[in-house]
Amino acid sequence: MNRSALWLTALGASLVAFPARAAQVVPVALPDSGDTGWLLAATILGLLLAVPGAWLVAAAPAGRVALLRAVPATGAALAAAALLYVLIGYSFAFDTTEGLPIGAILGGTGNWMLSLMGIVREGTNIPETAFAFYQYAYLAIAIALLCGALAAHVRGGWLVGFAAIWSLIVFAPLARWMWGGGWVSARGGLDMAGGLVVFYAAGVSAVIALALAGAGNRHSGPADPYARGVGAALLLVGMLAVTGASTLGASDGSAVAIIVMLVSACTAMLAAAAFARSLDGAVLARGLLAGTVGAAAAGDGLSMGGAVLMGLFCALAASIGPRLMPKIFARHAGDGTLIALTGAAKTGAFLLAFLLAFYPFGGSGYADGMTMAGQVVEQLIAIIAVAAWSVIGTLIAALSIGMVMPMRSPNPAS
């Protein structure tokens, strides 16, 4: 074969091979159906149980009559917060657009109306839509807790507007800081399943709003101990589901997170009874609540021994917290449930810094380059940041809505 024929043969072979190379497709990551199914089921169960549980726990101090009258306003507030979350709240918290000027503080509008959602959420093996639905559960629990505490003391219309604004200017930034790649998580601060972002933030905001409303000077009826007990139990079971889903997959970590919260809650309930030397239902409910919200910060990071310690110290914090709260706030916070909740939540987040240690506590260990001392500092920064922004954001939201409609209700829950 002469040289010209060789060149023609080579050229023809390259032309035939070129389309084959161009047709090669880069593999696309697809969601894992098992993990996705577990996440959706756990989220639905969490919404079904934890939302009414949180509302009952916070609303029980107002009495049974006020409970019934407060349901419509709370339902409307939850609806308004859900719509705003879909509209822009999720994007503010979890937008992954690069180069945002204040991305460490607040996300952009890249996922406005849940648009431009990824087939798989970055860093996971679940669809981003499922991830968005799961994160909504935390917002719903926080709104239910906030509304339960306030509904008997403020006007219904004010409460709806306040809850909607609060979801954007308080919850969304905090979720960004802790879970959306914001500045707190970048430093190393941890909140695995809502101990700070949900319970601590909502509890602090509720106490501030009650003080603004002058709730301590308003009669709303005797507390309902049965509602509080049922609420604490519902909240525990709902949070078992939500916390189990915090690993974003059906795995050993999910089971560990569930058992850790259960052990913490049981320990705290018995410890609260021992501290009070009573098996009164209110005491048991307070302990159950303390162990639940304290363990929410830990997720699957603790051993079973660590969970026992978590429950013990959170029960102690819930027991002595109301005595340490300044009177200007304590007299507005009803029977001390909210103060006990916030005390347990921040105690759990702080203890996490110690109990994560593999030795001697058997925890899951620290991130690369992090030490126990460093984690203590970062947890303190996270606690202070969440508290400060909850106070500031609550004042902004309350006063802004107050310019449109009165805050105080002439009659409870009207």
Side-chain angles (χ1 to χ4, degrees), residues 24-48 50 82 85-86 89-98 100 103-104 107-108 110-141 172 174-182 184-186 188-195 197-198 238-261 295-302 352 356 363-368 370:
Q24 291 178 352
V25 178
V26 177
V28 176
L30 296 176
D32 183 276
S33 59
D35 288 344
T36 302
W38 158 246
L39 186 73
L40 293 175
T43 302
I44 292 171
L45 182 62
L47 287 169
L48 180 65
Y85 174 80
V86 171
Y90 174 82
S91 189
F92 281 166
F94 298 104
D95 181 14
T96 58
T97 302
E98 296 183 0
L100 293 172
N111 298 125
W112 179 80
M113 287 293 288
L114 300 187
S115 60
L116 303 177
M117 303 288 275
I119 297 175
V120 174
R121 171 72 182 183
E122 183 179 349
T124 74
N125 60 353
I126 60 171
E128 190 164 8
T129 47
F131 177 80
F133 178 53
Y134 165 70
Q135 293 295 340
Y136 167 70
Y138 289 116
L139 172 60
I141 295 168
L174 294 181
R176 181 71 176 186
W177 299 356
M178 298 300 306
W179 301 329
V184 177
S185 62
L190 297 174
D191 179 13
M192 305 295 192
V197 176
V198 176
M239 283 304 299
L240 289 177
V242 175
T243 303
S246 63
T247 59
L248 302 181
S251 63
D252 175 66
S254 300
V256 170
I258 290 172
I259 298 174
V260 162
M261 178 167 284
D300 63 341
L302 304 187
L352 179 60
L356 273 177
S364 60
Y366 301 102
D368 292 341
M370 182 64 72

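Of all heavy-atom pairs between Phe92 and Ala172, the closest is CB-CB, 4.0 Å. In terms of heavy-atom proximity, Ser91 sits nearest to Gly110 at OG-N, 3.3 Å. The two residues Phe94 and Ala175 have their closest heavy-atom pair at CZ-CB, 4.3 Å. Nearest heavy-atom pair across Ala295 and Met261 is CB-CA, 3.8 Å. Met178 approaches Ser185 most closely through the heavy-atom pair O-CB, 3.4 Å. When all heavy atoms of Met239 and Ala50 are compared, the pair lying nearest together is N-CB, 4.2 Å.
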Note to self: Let's go through Leu352 and Leu302 carefully: what are the C-alpha distance in whole Å and the side-chain angles of both, what is the deciding distance for side-chain contact (heavy atoms from CB on, under 4.5 Å) to 0.1 Å, and is it a yes or a no?
What the structure shows: CA-CA 8 Å; Leu352 179 60; Leu302 304 187; 4.0 Å; yes

Next item on the list: Evaluate the side-chain contact (heavy atoms from CB on, under 4.5 Å) criterion for residues Asp95 and Leu100: first the C-alpha distance (whole Å), next the side-chain angles of each, then the deciding distance (0.1 Å), finally the verdict.
Entry: CA-CA 9 Å; Asp95 181 14; Leu100 293 172; 3.8 Å; yes

Note to self: Assess the residue pair Ser251 and Trp38 against the criterion (side-chain contact (heavy atoms from CB on, under 4.5 Å)); give the C-alpha distance rounded to whole Å, side-chain angles, the decisive distance to 0.1 Å, and a yes or no.
What the structure shows: CA-CA 10 Å; Ser251 63; Trp38 158 246; over 6 Å; no

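No donor-acceptor pair closer than 3.5 Å links the side chain of Trp179 to the backbone N or O of Val197. Of the possible polar contacts, none joining the Arg121 side chain to the Ala130 backbone as a donor-acceptor pair under 3.5 Å is found. A donor-acceptor pair is defined here as one N or O able to donate and one able to accept, closer than 3.5 Å; such a pair exists between the side chain of Glu128 and the backbone of Gly118.
The side-chain heavy atoms of Pro31 and Ile119, taken from C-beta on, include a pair separated by under 4.5 Å. Annotation: side chain of Tyr136 is in contact with side chain of Leu47 (closest heavy-atom distance under 4.5 Å). Inter-residue side-chain proximity for Phe133 and Ile44 is flagged as met; some heavy-atom pair is nearer than 4.5 Å.
One distance of note links CG of Leu356 with OG of Ser364; it measures 5.0 Å at 0.5 Å rounding. Here the CZ-OG1 distance, from Phe131 to Thr36, works out to 13.0 Å after rounding to the nearest 0.5 Å. With rounding to the nearest 0.5 Å, the separation of OG1 in Thr247 from CG in Asp35 is 8.0 Å. Rounding to the nearest 0.5 angstrom, the gap separating the OH atom in Tyr90 from the CE atom in Met113 is 15.0 Å. Distance check, rounded to the nearest 0.5 Å: CG of Leu174 to CG of Leu139 gives 11.5 Å. With values rounded to the nearest 0.5 angstrom, Asp300 atom CG is found 11.5 Å from Ile259 atom CD1.
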